[in-house]
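If you read the sequence from its start, that first residue is 1, and numbering goes on from there. Heavy atoms only: backbone and side chains are in, while hydrogens, waters and symmetry mates are out.
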Amino acid sequence: MTTTNLRHGVPLTGAAVPPVPFGTDVPWSNWGKNQYATPAFTVRPRTEQEALDAVRFAIKEGLPVRAVGSGHSSSPLVQTGGVLMEMSALAGITGTDKARRRARALAGTAISAFGDPLWEQGLALANQGDIDKQQIAGALSTSTHGSGKDLGSFSSSLRWVKLINGHGEIVEIGEGQLRELRAAQVALGTLGIFLEVELAVEDSYYLQEQITYPDWAETAATWDADIAGNRHYSLLWCPGEGSAELLGLPGAPGLSMTNRSYTKRYNIVQIQDESELSRTEGSRLDRSYRIYPGGFTTPFHELEYFVPTECGLAATEAVLELIRTRHADQKYPVEVRWVKADDGYMSQFQGRDTTVITLTTEPGTDYWQFFRDADALLQEFEPRAHWGKIHFMTRERLERLYPKLDTFLQVRREFDPRGVFLNDHTRALVG
């Protein structure tokens with residue numbers, strides 16, 4: 001076995017090794033501890049050139065390459081026995097354009113790192129999810145999202161990307177190349193290694209929070225009005241006592257949370273100065289990027305499926321009934337959100353406004369039968385799946401659910417004809 005000095009990447013044998021700092025046989029696991037790998041080489045490029053050198057080394061040696069960010073995905077996207085590229089050193093906001101409302105950042109930049117720099121330039125991300133620890137390249141590659149019927153995912157905001165392709169070249173894709181850009185918007189890491197991205201952003205804005213705790217009958221009765229009447233609306237239905245605490249959610253004071261929803265409404269407000277800001281739980285008023293994330297710090301596993309918005313209530317109620325009748329041991333809240341349609345070829349939101357249903361389970365428990373039953377139950381609603389979470393998607397399903405799949409496959413093969421950036425999981429889907 002080749003060993004190295006991990007700090008400096010100095011080889012102790014004459015075997016071929018990457019021309020950048022590396023480690024060998026370094027075990028990797030994801031945040032939820034359900035995915036593992038031991039790549040031959042782990043590299044942490046500090047510059048664009050080091051990233052390019054690492055990919056060229058892998059191509060020369062016939063090794064596959066996968067990138068890893070924060071490791072927040074529950075699906076087997078990262079695993080490789082070849083070269084694992086840990087991208088966190090390539091981080092930072094590299095430019096903003098107030099007039100065009102654009103921001104550029106290196107691929108390893110965490111979502112949390114966008115807030116202050118953009119705000120100083122009068123800008124903000126249009127939307128975020130509950131967690132902001134993901135690196136932007138991973139969030140784009142899996143179509144990570146927040147909630148809001150008129151708001152798209154992170155991927156829908158991608159306007160330009162610089163990446164290393166399977167030919168060992170640095171290439172750029174911009175708005176003048178819509179075919180390639182729509183493939184890059186959600187590519188599962190299969191077009192190449194992202195180096196830098198440009199996102200469409202918004203003028204900075206403040207959000208007012210409103211947290212309520214209706215029972216399920218009330219939640220269902222105001223379903224359409226809540227979706228239509230708020231910039232951001234989402235809910236977490238709690239099947240039993242202790243459910244809210246599993247995700248760090250404050251319960252309803254003096255009320256049982258069983259069969260009750262923790263609902264979140266966020267709407268833009270205008271303020272004169274920041275002395276008006278409030279950190280009061282349940283009614284915060286603050287900069288947008290401070291309002292979005294919160295809680296959800298304990299590892300968990302998730303299955304997240306996407307159904308057409310017009311089917312959202314029926315699909316959600318079917319899942320709730322599944323938990324009540326066949327999986328009463330499942331106590332985590334069921335989260336429901338909404339996302340606007342977009343044009344990304346492999347986006348879960350391609351061509352249709354979407355209701356998002358998220359099922360969460362505890363690490364170390366046997367959740368497979370629950371997830372399989374939920375998958376089977378939701379098939380009548382033509383569900384797509386979050387690429388970064390546990391799912392049962394197959395190539396056959398993709399061919400039925402993604403009308404632009406053939407175009408994506410053509411672009412992928414043009415960028416990576418030898419499959420340098422595929423692993424077993426992505427090869428079965430888009431190889």
Exercise. How far apart are the C-alpha atoms of R337 and T358, what are their side-chain angles, what is the distance that settles it, and do they pass the side chain to side chain contact (heavy atoms under 4.5 Å, CB included) test?
Worked result: CA-CA 9 Å; R337 289 171 285 177; T358 306; 3.3 Å; yes
Does the side chain of [X] reach to within under 4.5 Å of the side chain of [Y], using non-hydrogen atoms?
| X | Y | result |
| --- | --- | --- |
| R46 | P21 | yes |
| L429 | T190 | no |
| I136 | L199 | yes |
| D224 | L313 | no |
| V20 | P45 | no |
| Q128 | P293 | yes |
| R101 | L123 | yes |
| L398 | M346 | yes |

Identify the two heavy atoms, one from [X] and one from [Y], that lie closest to each other, and give their separation to 0.1 Å.
| X | Y | answer |
| --- | --- | --- |
| S261 | L235 | OG-CD1, 4.1 Å |
| A103 | V201 | CB-CG1, 4.1 Å |
| A124 | S288 | CB-OG, 3.8 Å |
| V339 | S153 | CG1-N, 3.8 Å |
| P39 | G82 | CB-O, 3.5 Å |
| I390 | N34 | CD1-ND2, 3.8 Å |

Exercise. Would Q134 and T144 count as having a side-chain donor-acceptor pair, cut-off 3.5 Å?
Worked result: no
Exercise. Does a donor on one side chain and an acceptor on the other come within less than 3.5 Å for S70 and Q135?
Worked result: no
N/O donor-acceptor pair under 3.5 Å between [X] side chain and [Y] backbone:
| X | Y | result |
| --- | --- | --- |
| T426 | L422 | no |
| S75 | W387 | yes |
| N423 | L77 | yes |
| T47 | E50 | yes |
| E321 | A318 | no |
| D226 | T219 | no |
| Q350 | G344 | no |
| R284 | I291 | yes |
| Y305 | L359 | no |
| S147 | Y233 | yes |

Exercise. Looking at E382 and R400, does any basic side-chain N land under 4.0 Å from a carboxylate oxygen?
Worked result: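 Here E382 pairs with R400 in a salt bridge, since their nearest N and O are under 4.0 Å apart.
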Problem set entry | Charged N-O contact under 4.0 Å between E175 and R102 | yes
Problem set entry | Full working for side chain to side chain contact (heavy atoms under 4.5 Å, CB included) between D424 and Q79 | CA-CA 8 Å; D424 290 345; Q79 281 90 331; over 6 Å; no
For this session: Could I get the full list of side chain to side chain contact (heavy atoms under 4.5 Å, CB included) partners for N165, not counting sequence neighbours?
Result: L163, H167, E169, V171, F415
I need the [X] [atom1] to [Y] [atom2] distance, nearest 0.5 Å.
| X | Y | atom1 | atom2 | value |
| --- | --- | --- | --- | --- |
| T212 | K264 | OG1 | NZ | 12.0 Å |
| I164 | D416 | CD1 | CG | 12.0 Å |
| E274 | S278 | CD | OG | 13.0 Å |
| E302 | K389 | CD | NZ | 4.0 Å |
| S283 | Q208 | OG | CD | 6.5 Å |
| T316 | I357 | OG1 | CD1 | 3.5 Å |

Problem set entry | is_close_aromatic(F371, H301), centroid dist under 6.0 Å | no
Mind checking whether [X] and [Y] have parallel, tilted or perpendicular rings, split at 30° and 60°?
| X | Y | answer |
| --- | --- | --- |
| F392 | W368 | perpendicular |
| F22 | F41 | perpendicular |
| W216 | W223 | perpendicular |

For this session: Show your reasoning for whether side chain to side chain contact (heavy atoms under 4.5 Å, CB included) applies to Q348 and E304.
Result: CA-CA 11 Å; Q348 302 93 303; E304 185 167 289; 6.0 Å; no
Problem set entry | Where at least one partner belongs to residues 115-138, residue pairs that pass ring-ring contact (aromatic ring centres under 6.0 Å, His included), sequence neighbours excluded |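 For residues 115-138, and leaving out neighbouring residues, the ring-ring contact (aromatic ring centres under 6.0 Å, His included) pairs sorted by first residue read W119-Y206, W119-Y289.
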For this session: Determine which pairs satisfy ring-ring contact (aromatic ring centres under 6.0 Å, His included) with at least one residue from residues 249-282, sequence neighbours left out, and list them in order.
Result: Y213-Y262
Problem set entry | Residue that, paired with W338, satisfies side-chain contact (heavy atoms from CB on, under 4.5 Å) out of V356, I227, T354 |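 Exactly one option meets the side-chain contact (heavy atoms from CB on, under 4.5 Å) with W338, and it is I227.
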For this session: Any chance you could lay out the salt bridge (charged side-chain N to carboxylate O under 4.0 Å, His left out) test for E198 and R159, step after step, and finish with the verdict?
Result: CA-CA 6 Å; E198 180 178 280; R159 297 294 182 268; over 6 Å; no
Exercise. Hey, mind stepping through E172 and W160 against side chain to side chain contact (heavy atoms under 4.5 Å, CB included) and telling me if it holds?
Worked result: CA-CA 7 Å; E172 299 181 24; W160 170 89; 3.0 Å; yes
Exercise. Could you give all pairs that pass the salt bridge (Lys or Arg N to Asp or Glu O under 4.0 Å) test and reach residues 341-353, with sequence neighbours left out?
Worked result: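 Salt bridge (Lys or Arg N to Asp or Glu O under 4.0 Å) check on residues 341-353 returns R182-D343.
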Problem set entry | Contacts of E202 that satisfy salt bridge (Lys or Arg N to Asp or Glu O under 4.0 Å) - sequence neighbours left out |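 Listed in chain order: R231.
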Problem set entry | Summary of side-chain hydrogen bond (donor to acceptor under 3.5 Å, both in side chains) pairs that have at least one residue in residues 234-246, sequence neighbours excluded |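 Listed once each, the pairs are W237-N259, E241-S256, E241-T258.
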Exercise. For Q35 and H425, what are the C-alpha separation, side-chain angles and deciding distance, and is it a side chain to side chain donor-acceptor pair (under 3.5 Å)?
Worked result: CA-CA 12 Å; Q35 303 293 344; H425 178 66; over 6 Å; no
